[in-house]
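We count residues from 1, following the sequence as given. Computed over heavy atoms, backbone and side chain alike; hydrogens, waters and symmetry mates excluded.
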Amino acid sequence: MKFDLFKIYKKLGMREGFAELMEVFTYILIIFSLTVLLWFISRRILRSFFYKVSKNTKSKFDDFLLKNKVPSIIACFPPILLLFFSLDDILSKYPNILEFTEILLEVLGTLITIVFVKRLLNSIRDYLKTLSNFRDKPIDSYIQVIMIFIWFFGIMVIFSIISGKDIGTFLATLGALSAVILLIFKDTILGFVASIQVTVNDIVRIGDWITMKSYYADGDVIEINLSTVKVQNFDKTITSIPTYKLVSDSFINWRGMSESGGRRIKRSILIKVSSIKFLDDEQLTKLKQIERISSFITKRKEEIEKENKDKGVNKKLLLNGRNMTNIGLYRRYALAYLKDHPQISQDLTVMVRQLAPSPEGVPLEIYVFVKDKVWVNYEKIMSDIFDHLLAAIPTFDLECFEYTSEKSFSK
């Protein structure tokens with residue numbers, strides 16, 4: 001398969017050989033020029049045809065064919081066929097050169113076919129992403145798996161063309177090297193298996209908000225492919241997570257919250273223990289002016305007075321018998337306020353509970369769900385709620401806990 005000028009010169013003589021070669025090179029140059037011209041014409045015709053079709057059809061698939069330059073790669077096939085069938089006559093006197101050229105064209109044709117399939121699959125992927133049924137599916141993973149097999153088969157075909165041996169010979173050799181192949185493609189295999197598990201078990205969809213602290217990921221999933229899951233964090237940075245980590249490691253998927261009737265608020269107000277006390281009649285009369293708990297105070301006061309009277313409790317000391325406390329009434333007020341709030345979902349849990357005392361005070365936890373799940377609106381509603389509840393604390397003669405600074409001591 002060697003192109004040896006000296007053998008040609010010995011066979012034909014210096015002048016005859018040179019003239020013969022010049023004639024061959026002239027034909028090749030003409031064929032090459034025709035090939036380039038044919039490619040240019042085919043490309044213009046195909047692009048014009050696809051453009052007209054895309055303008056006259058409602059489907060977006062042909063638009064994606066143009067975007068991924070499928071007409072340009074199809075235009076490569078006519079020139080390849082022209083070269084393949086025309087060089088047989090030109091190089092018939094030089095079988096070694098002809099054989100080398102045919103092998104080169106076959107390899108080139110195989111590579112162009114692989115690129116064509118790749119661009120076609122990319123167009124199918126982009127089109128499927130526009131459909132609601134496939135928008136949240138990891139289509140990239142499946143396309144990449146198909147391309148791995150196509151490239152694998154294409155490389156086997158190229159080796160078979162170059163060496164002249166059957167594809168089965170290479171497959172047998174690869175069987176012996178399977179351990180090495182598994183080691184090299186470990187992440188790809190793990191990603192492929194993970195992609196199937198993610199899809200079958202519906203673990204993650206494109207558009208889901210996930211939190212994975214080990215990878216500093218907290219945002220929306222924008223892409224799921226064979227090797228990585230891309231998460232756009234709320235600060236607009238992109239975090240890439242290996243796909244198989246979604247199966248092997250733990251993470252939070254906030255989809256359940258997004259699909260539910262509200263977004264949860266779970267936050268505590270720390271009440272200073274020394275400010276908690278029983279309430280006497282004068283203080284209760286003052287707090288009865290608060291409309292949200294006025295009827296509750298009246299009803300509860302009558303109930304307590306009746307029970308204390310029946311038991312003969314000495315009420316000269318507030319500690320004796322049953323009594324109302326300022327923290328208890330404040331908790332009742334907070335609950336009434338939340339039940340009246342238009343942005344709080346009453347179909348879900350609405351609760352104000354007291355947690356175990358700590359060195360920082362007594363936590364009163366607000367546990368409710370906001371109807372508006374949009375982050376900005378949610379934060380605004382939550383801030384408004386706690387603005388009101390914090391401002392109401394002094395009315396009940398309560399104090400919030402806060403660490404004392406050196407400036408406070410200096411006063």
Would you name the heavy atoms of [X] and [Y] that are closest together and state the gap between them?
X      : Y      : answer
Gly361 : Val273 : CA-CG2, 4.1 Å
Pro78  : Ile74  : CD-O, 3.4 Å
Ile124 : Phe61  : CG1-CE1, 3.8 Å
Asn253 : Arg255 : OD1-N, 3.0 Å
Leu398 : Ile327 : CD1-CA, 4.0 Å
Leu270 : Glu360 : CD1-CB, 3.8 Å

Using modelled atom types and a 3.5 Å cut-off, is there a donor and acceptor pairing between side-chain atoms of [X] and backbone atoms of [Y]?
X      : Y      : answer
Thr130 : Tyr127 : yes
Asp126 : Leu121 : no
Asn68  : Arg119 : no
Ser48  : Arg44  : no
Asn308 : Val313 : no

Of Thr285, Leu329, Ile290, the residue whose pairing with Ile297 passes side chain to side chain contact (heavy atoms under 4.5 Å, CB included): Leu329

Hey, does [Y] have a side-chain heavy atom less than 4.5 Å from the side chain of [X]?
X      : Y      : result
Asp281 : Gln283 : no
Arg43  : Pro71  : no
Ser123 : Val70  : yes
Ile271 : Ile269 : yes
Val350 : Ile344 : yes
Ile158 : Leu111 : yes
Leu120 : Leu65  : yes
Thr211 : Phe251 : no

Sequence-distant partners of Ile222, side chain to side chain contact (heavy atoms under 4.5 Å, CB included), two or more places apart: Lys230, Gln232, Ile238

For Asp63, all residues meeting side chain to side chain contact (heavy atoms under 4.5 Å, CB included), sequence neighbours excluded: Ser54, Lys60

Just to verify, what does [X] make a salt bridge (charged side-chain N to carboxylate O under 4.0 Å, His left out) with, not counting sequence neighbours?
X      : value
Glu305 : none
Asp340 : Arg292
Asp397 : Lys277
Lys339 : none

Could you list the donor-acceptor pairs under 3.5 angstrom formed by side chains in residues 384-394, with sequence neighbours left out?
{"residue": "Asp384", "atom": "OD2", "partner": "Lys380", "partner atom": "NZ", "Å": "3.2"}
{"residue": "His388", "atom": "NE2", "partner": "Tyr333", "partner atom": "OH", "Å": "2.6"}

Residue pairs, two or more places apart or on separate chains, that pass ring pair (Phe, Tyr, Trp, His ring centres under 6.0 Å) and touch residues 257-278: none

Phe149, CZ atom: more than 12 neighbouring heavy atoms under 6.0 Å: no

Salt bridge (Lys or Arg N to Asp or Glu O under 4.0 Å) pairs, two or more places apart, involving residues 67-86: none

Pairs flagged by salt bridge (Lys or Arg N to Asp or Glu O under 4.0 Å) wherever residues 319-331 is involved - sequence neighbours left out: Glu303-Arg322, Glu307-Arg322

Pairs of donor and acceptor atoms involving the side chains of residues 362-373, under 3.5 Å and at least two apart or interchain, shall be tabulated with distances.
{"residue": "Glu365", "atom": "OE1", "partner": "Arg353", "partner atom": "NE", "Å": "2.6"}
{"residue": "Glu365", "atom": "OE1", "partner": "Arg353", "partner atom": "NH2", "Å": "2.7"}
{"residue": "Glu365", "atom": "OE2", "partner": "Lys266", "partner atom": "NZ", "Å": "3.3"}
{"residue": "Tyr367", "atom": "OH", "partner": "Arg264", "partner atom": "NH1", "Å": "3.4"}
{"residue": "Lys371", "atom": "NZ", "partner": "Pro342", "partner atom": "O", "Å": "3.3"}
{"residue": "Asp372", "atom": "OD1", "partner": "Val374", "partner atom": "N", "Å": "3.1"}
{"residue": "Asp372", "atom": "OD2", "partner": "Asn377", "partner atom": "ND2", "Å": "2.9"}
{"residue": "Lys373", "atom": "NZ", "partner": "Ser258", "partner atom": "O", "Å": "2.6"}
{"residue": "Lys373", "atom": "NZ", "partner": "Ser260", "partner atom": "O", "Å": "2.8"}

Residues Ser214 and Asp249: side-chain donor-acceptor under 3.5 angstrom: no

Thr237 side chain to Asp235 side chain, donor-acceptor N/O pair below 3.5 angstrom: yes

Spatial distance of atom CG (Leu108) from atom CD1 (Ile103) [nearest 0.5 Å]: 13.5 Å

Straight-line distance of Gln343 CD to Tyr378 OH, nearest 0.5 Å: 13.0 Å

side-chain hydrogen bond (donor to acceptor under 3.5 Å, both in side chains): pairs with one or both residues in residues 108-118, sequence neighbours excluded: none

Parallel, tilted or perpendicular: ring planes of Trp254 versus Trp209, cut at 30 and 60 degrees: parallel

